[in-house]
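Down below is the structure, laid out as structure tokens.
Below, all heavy atoms of this structure are taken into account, side chains as well, without hydrogens, waters or symmetry copies.
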Amino acid sequence: MTDRQGVFAAQMTALGLGDKPQSWIGGALVDGAGEIITLVDPFTEQPLASYADAGADLADLACDAAAEAQKQWSKGLSAAARGQVMQDIARAVLDYAEPIAKLEALVAGKPIRDCRVEVAKVAEMFAYYGGWADKLHGEVIPVPSGHLNYTIREPLGVVFQITPWNAPIFTGGWQIAPAIAAGNGVVIKPSELTPITTVALVKIAESAGLPRGLVNVLCGLGPTTGQAAIAHPAVRKVVFVGSPETGRRVAMAAAAALKPAVLELGGKSANIVFEDANLKHACLGAQAAIFSGAGQSCVAGSRLLVHHSVQAQFLDLLAEGMNQIVLGDPLDEATQIGPISNSRQFAHVTGMVQAAQDAGADVVTRAVRPDAGYFVPPTILRGLGNRAAAAQTEIFGPVVTAISFADEAEAIALANDTAFGLAGAVWTADVGRAHRMAEAVRAGTFWINSYKAIHVSSPFGGSLNSGFGRSSGTDALMEYTAAKSVWLDSAPVPKIAFGYVS
Ligand code: NAD
């Protein structure tokens with residue numbers, strides 16, 4: 001056993017998880033029987049553990065378990081009691097924050113400091129939505145007929161959630177917490193590359209009082225396990241977080257079964273810097289926007305639009321800053337950027353940079369990087385237009401395409417000239433311009449003199465190739481419930497317009 005396999009084993013033991021990923025169904029660890037999947041440490045490129053794809057049989061078992069537990073959760077407990085369980089889960093997650101963060105850092109390659117923040121945010125998500133559990137009520141609508149008309153927000157039943165590898169436990173909490181607060185049962189399939197922390201989360205939640213079977217985790221592949229769960233009759237909605245290509249497949253499979261879907265997909269967000277901005281602040285923002293998480297963030301500021309009068313100065317500042325970022329072992333406290341999370345993504349990012357260079361880009365990057373691991377150093381691509389592949393395709397790595405603009409109108413036109421609509425930002429001292437940009441740029445989230453601020457209480461989502469529907473905030477509660485309209489006639493003689501009695 002290598003040192004890192006030892007670290008892996010120690011965290012697994014601390015969480016009571018055995019020695020490899022296993023699905024969590026009905027309150028128990030269950031082995032799959034399909035294709036073998038190997039988790040690789042992206043820092044050493046060495047295997048950590050292997051397991052078998054859950055497959056269709058386990059998908060059926062998980063959906064059946066969720067359907068059974070959901071009846072009791074939504075009808076057998078008061079909403080206040082459900083909220084209390086969620087508050088208890090929030091506290092329990094914090095008790096296990098360290099082993100979860102370490103496993104996430106090891107398997108996903110994300111710096112431990114980022115993982116700790118994400119685990120704390122997951123606890124916050126359960127506390128936030130726990131607070132909503134007994135405040136989800138409908139409306140009384142003054143219909144003209146004189147009936148008493150009111151609405152009830154009902155849970156959907158079982159929801160199936162699919163999440164990606166770039167922020168596994170964060171995305172898991174982001175979707176599980178509103179779903180159960182609204183009274184649903186959940187089956188969740190994290191990425192086959194990073195499934196363990198989601199299993200840990202649900203196991204911990206059960207130890208804090210979540211009924212067994214209410215939330216089930218499938219460890220496995222999308223085309224087999226994922227598609228089987230989408231098709232299961234108990235599943236009433238599919239919530240997908242991932243790439244546009246897979247999102248299309250998931251939405252088509254859901255549509256074939258007449259099930260609604262929420263898609264949280266990728267982006268190519270514009271980070272826009274005007275000449276009147278505080279350039280030092282904007283430079284810090286630009287680094288956080290594209291280099292944090294090694295750029296593996298759906299909202300990454302991957303297109304940096306800078307006013308032509310300050311572009312050269314700004315890019316020099318950015319290059320200077322990026323040379324000071326600490327690249328290294330995700331488990332090291334000092335590390336600010338870890339490796340790219342997996343070999344497939346590493347090949348994509350390096351391929352995109354090479355293609356940009358072949359297309360004539362001036363590639364500004366750092367010479368020094370760790371010898372092993374899927375490392376891509378922070379990189380600026382200059383000299384490309386907005387229609388270049390590097391400005392239109394999601395690279396999902398620490399690589400920013402820098403483009404200049406002449407005025408507000410051109411900045412808006414460039415910002416909106418992509419197939420995405422997820423996020424964007426502006427840096428300016430002019431408050432009127434800031435609001436004009438916020439209104440004109442197509443994005444579900446927009447920052448003014450800031451980047452990447454996000455909170456569970458605020459809605460999140462996109463349009464076009466960035467998907468549809470909303471996560472977080474009260475919008476997520478709407479996504480996870482349906483309105484029922486109830487009509488009561490209190491008149492002495494019913495106000496029915498048609499019918500006969502003898
Ligand atoms: P991906 O699309 O490859 O995989 C996402 C999930 O889909 C995984 O769990 C995978 O197993 C599953 N999957 C794959 N094929 C499937 C199929 N045929 N049927 C059902 N499920 C299937 O994405 P990824 O590479 O894991 O993650 C990176 C992508 O996620 C990027 O595009 C990024 O922008 C996006 N993302 C979006 C958000 C957001 O909220 N908008 C957040 C994080 C990541």
Side-chain angles (χ1 to χ4, degrees), residues 23-27 62-94 119 121-137 152-163 168-190 197-218 229 234-241 262 264 456-457 469-482:
S23 295
W24 183 262
I25 300 174
C63 295
D64 290 342
E68 193 53 39
Q70 190 266 338
K71 290 180 209 151
Q72 172 66 12
W73 177 249
S74 65
K75 300 274 186 247
L77 279 181
S78 70
R82 290 200 298 268
Q84 191 54 56
V85 169
M86 294 189 66
Q87 302 296 339
D88 293 343
I89 294 172
R91 281 186 287 275
V93 167
L94 292 179
V119 176
K121 281 186 183 287
V122 169
E124 193 182 27
M125 291 166 197
F126 280 89
Y128 172 79
Y129 282 113
W132 270 111
D134 61 354
K135 298 169 192 70
L136 267 176
H137 49 70
I152 304 170
R153 295 232 53 110
E154 296 186 318
L156 304 177
V158 176
V159 292
F160 177 46
Q161 303 165 339
I162 305 176
T163 57
I169 193 166
F170 180 92
T171 322
W174 193 245
Q175 296 303 338
I176 293 170
I180 63 173
N184 297 287
V186 172
V187 176
I188 181 166
K189 195 203 79 60
T197 49
T198 307
V199 176
L201 172 63
V202 178
K203 183 171 184 290
I204 291 163
E206 286 181 15
S207 71
L210 190 76
R212 286 172 171 214
L214 188 71
V215 183
N216 305 275
V217 188
L218 291 169
V235 167
R236 297 296 163 83
K237 188 165 190 168
V238 180
V239 177
F240 173 81
V241 186
V262 169
E264 294 281 2
V456 62
S457 57
R470 288 293 178 268
S471 295
S472 87
T474 51
D475 288 55
L477 293 169
M478 297 300 108
E479 295 283 5
Y480 283 118
T481 54

Glu479 side chain vs Gly469 backbone, donor-acceptor pair below 3.5 Å: no
Any Tyr129 side-chain heavy atom under 4.5 Å of Ile180 side chain: no
Residue pair Pro155 / Gln70, side-chain heavy-atom distance below 4.5 Å: yes
Check: Ile169 and Val93 side chains under 4.5 Å, non-hydrogen atoms: no
Minimum side-chain heavy-atom gap Trp24-Thr198 below 4.5 Å: no
side-chain contact (heavy atoms from CB on, under 4.5 Å) evaluation trace for Val186 with Val202: CA-CA 11 Å; Val186 172; Val202 178; over 6 Å; no
Check: Asn216 side chain, Gly26 main-chain N or O, donor-acceptor pair, under 3.5 Å: yes
Sub-4.5 Å side-chain heavy-atom contact between Tyr480 and Leu136: no
Ile25 to Ala65 - nearest heavy-atom pair and separation: CG2-CB, 4.4 Å
Nearest heavy atoms of Ala123 and Ala90, plus distance in Å: O-CB, 3.2 Å
Separation of Arg470 CZ from Asp475 CG (nearest 0.5 Å): 7.5 Å
Residue pair Asp134 / Ser78, side-chain heavy-atom distance below 4.5 Å: no
Inter-residue atom distance Leu94.CG - Ile89.CD1, 0.5 Å rounding: 12.5 Å
Considering all heavy atoms, the nearest Leu210-Val85 contact: N-CG1, 3.7 Å
Heavy-atom side-chain contact between Cys63 and Phe160 under 4.5 Å: no
Heavy-atom pair with the smallest gap, counting every atom of Leu214 and Ala69: N-CB, 3.5 Å
Where Ala182 and Thr481 come nearest, the two heavy atoms and their spacing: CB-CG2, 3.5 Å
Donor-acceptor under 3.5 Å (Asn184 side chain, Val158 main chain): no
Exam field: side chain Arg82 to backbone Trp73, donor-acceptor pair closer than 3.5 Å: yes
Gln175 backbone acceptor or donor facing Gln161 side chain under 3.5 Å: yes
CZ on Arg212 to NZ on Lys203, rounded to 0.5 Å: 10.0 Å
Ring pair (Phe, Tyr, Trp, His ring centres under 6.0 Å) involving Trp174 - partner list, sequence neighbours excluded: Phe170
Min side-chain heavy-atom separation Val187-Leu218 under 4.5 Å: yes
Minimum-distance pair of heavy atoms, taken over all atoms of Ser74 and Gly183: CB-O, 3.5 Å
